[in-house]
Trainee: 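One structure follows; several queries about it will come next.
What you see is a predicted model, and the numbers here were worked out from it, not measured in a lab.
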Amino acid sequence: MSTETTPLPSMRYTAVTFDCPDPAELARFYGKALDLPVAYSSDDFILLGQEGAPGLGFSRLPGYQRPTWPDPDREKRAHIELGVDDLDAAQAGLLALGAIEPPSQPEPDRWRVLLDPAGHPFCISTLV
């Protein structure tokens, strides 16, 4: 086995994309929550972001099934962490946009777990 490595070409982080049943609904939620404009839109995919910065994508997945966190029946695959200045105010604002508060909060004094309109868990924290 050779230990030589071929250098990788230059790469950059461009986006994280979430599978969902309705890209427009999820893009509206995160666009308002993060004040991000639509950078690209089609019937099956929407990308939010500022030019020159990483974005968030939302891709239609036929047969999408919501994660059931904290129930392990259908585990989350990934989640996003959002930094906020005030946990209570941020949580109230996100709930007003359509987030859902799950019954379990592992450490509510440090961070809060919410569910977006497609059921993806995400966290808000003053620690980041």
Side-chain angles (χ1 to χ4, degrees):
M1 176 149 99
S2 174
T3 58
E4 292 181 38
T5 60
T6 303
L8 292 173
S10 177
M11 291 186 220
R12 65 191 174 283
Y13 165 71
T14 58
V16 169
T17 297
F18 290 92
D19 294 335
C20 60
D22 185 348
E25 176 188 36
L26 213 50
R28 271 191 300 279
F29 174 78
Y30 281 105
K32 288 181 181 179
L34 299 171
D35 195 26
L36 288 173
V38 173
Y40 173 83
S41 179
S42 73
D43 288 343
D44 294 320
F45 180 77
I46 296 177
L47 178 68
L48 299 178
Q50 303 285 348
E51 188 170 329
L56 285 177
F58 308 98
S59 181
R60 185 180 312 279
L61 179 66
Y64 173 81
Q65 293 186 335
R66 298 170 68 96
T68 56
W69 187 93
D71 179 345
D73 186 42
R74 278 193 308 276
E75 291 280 345
K76 63 182 170 61
R77 300 291 184 241
H79 68 276
I80 192 168
E81 305 275 344
L82 303 175
V84 301
D85 294 329
D86 181 316
L87 279 173
D88 293 329
Q91 180 174 338
L94 290 162
L95 291 172
L97 289 177
I100 300 162
E101 182 179 1
S104 179
Q105 291 294 325
E107 291 193 47
D109 294 337
R110 297 185 67 198
W111 73 82
R112 311 277 168 80
V113 180
L114 300 173
L115 306 175
D116 70 22
H120 300 107
F122 67 96
C123 296
I124 56 174
S125 172
T126 59
L127 304 176
V128 272

Trainee: If you look at every heavy atom in Ala90 and Val84, which pair is closest and at what distance?
Mentor: CB-CG1, 3.6 Å

Trainee: Is the closest side-chain heavy-atom distance between Arg110 and Ser125 below 4.5 Å?
Mentor: no

Trainee: Would a hydrophobic clustering, with Ile, Leu, Val, Met, Phe, Trp and Tyr connected at side-chain separations under 4.5 Å, put Leu56 with Leu115?
Mentor: no

Trainee: With side chains defined as the heavy atoms from C-beta onward, is the minimum distance between Ile46 and Leu26 less than 4.5 Å?
Mentor: no

Trainee: Verify the cluster assignment for Leu97 and Ile100: are they in a single hydrophobic cluster under the rule of side-chain heavy atoms below 4.5 Å apart?
Mentor: no

Trainee: What are the two closest non-hydrogen atoms of Gln91 and Ile124, and how far apart are they?
Mentor: N-CD1, 3.7 Å

Trainee: Could you state whether Phe29 and Trp69 fall into the same hydrophobic cluster, counting links through intermediate Ile, Leu, Val, Met, Phe, Trp or Tyr residues with side-chain heavy atoms under 4.5 angstrom apart?
Mentor: no

Trainee: Do Trp111 and Leu94 sit in one hydrophobic cluster, given that two such residues count as connected whenever their side-chain heavy atoms are within less than 4.5 Å of each other, even indirectly?
Mentor: no

Trainee: Taking all non-hydrogen atoms of both residues, which atom of Ala118 and which atom of Pro67 are closest, and how far apart?
Mentor: O-CD, 4.1 Å

Trainee: Considering all heavy atoms of both residues, which atom of Thr17 and which atom of Ser59 are nearest to each other, and what is their separation?
Mentor: CG2-CB, 3.8 Å

Trainee: How far apart are the closest heavy atoms of Arg60 and Asp22, and which atoms are they?
Mentor: NH1-CA, 4.0 Å

Trainee: With sequence neighbours excluded, what pairs up with Tyr64 under the ring pair (Phe, Tyr, Trp, His ring centres under 6.0 Å) test?
Mentor: His120

Trainee: Of all the heavy-atom pairs spanning Pro121 and His79, show the shortest one and how long it is.
Mentor: O-CB, 3.0 Å

Trainee: Please work out whether the ring planes of Phe45 and Tyr40 are parallel, tilted or perpendicular, with thresholds of 30° and 60°.
Mentor: tilted

Trainee: Cluster question for you: counting only ILVMFWY and a side-chain heavy-atom cut-off of under 4.5 Å, with indirect links fine, are Ile80 and Leu47 together?
Mentor: no

Trainee: Please check if the number of heavy atoms outside Glu107 that lie under 6.0 Å from its CD is greater than 12.
Mentor: yes

Trainee: Evaluate the side-chain proximity of Leu36 to Tyr30: yes if any heavy-atom separation is below 4.5 Å, no if none is.
Mentor: no

Trainee: How many angstroms lie between atom CD of Glu25 and atom CG of Asp116, to the nearest 0.5 angstrom?
Mentor: 8.5 Å

Trainee: Do Val38 and Leu48 come close enough that some side-chain heavy atom pair is under 4.5 Å?
Mentor: yes

Trainee: Measure from the side-chain N and O atoms of Gln105 to the backbone N and O of Val113, and report whether any donor-acceptor pair falls under 3.5 Å.
Mentor: yes

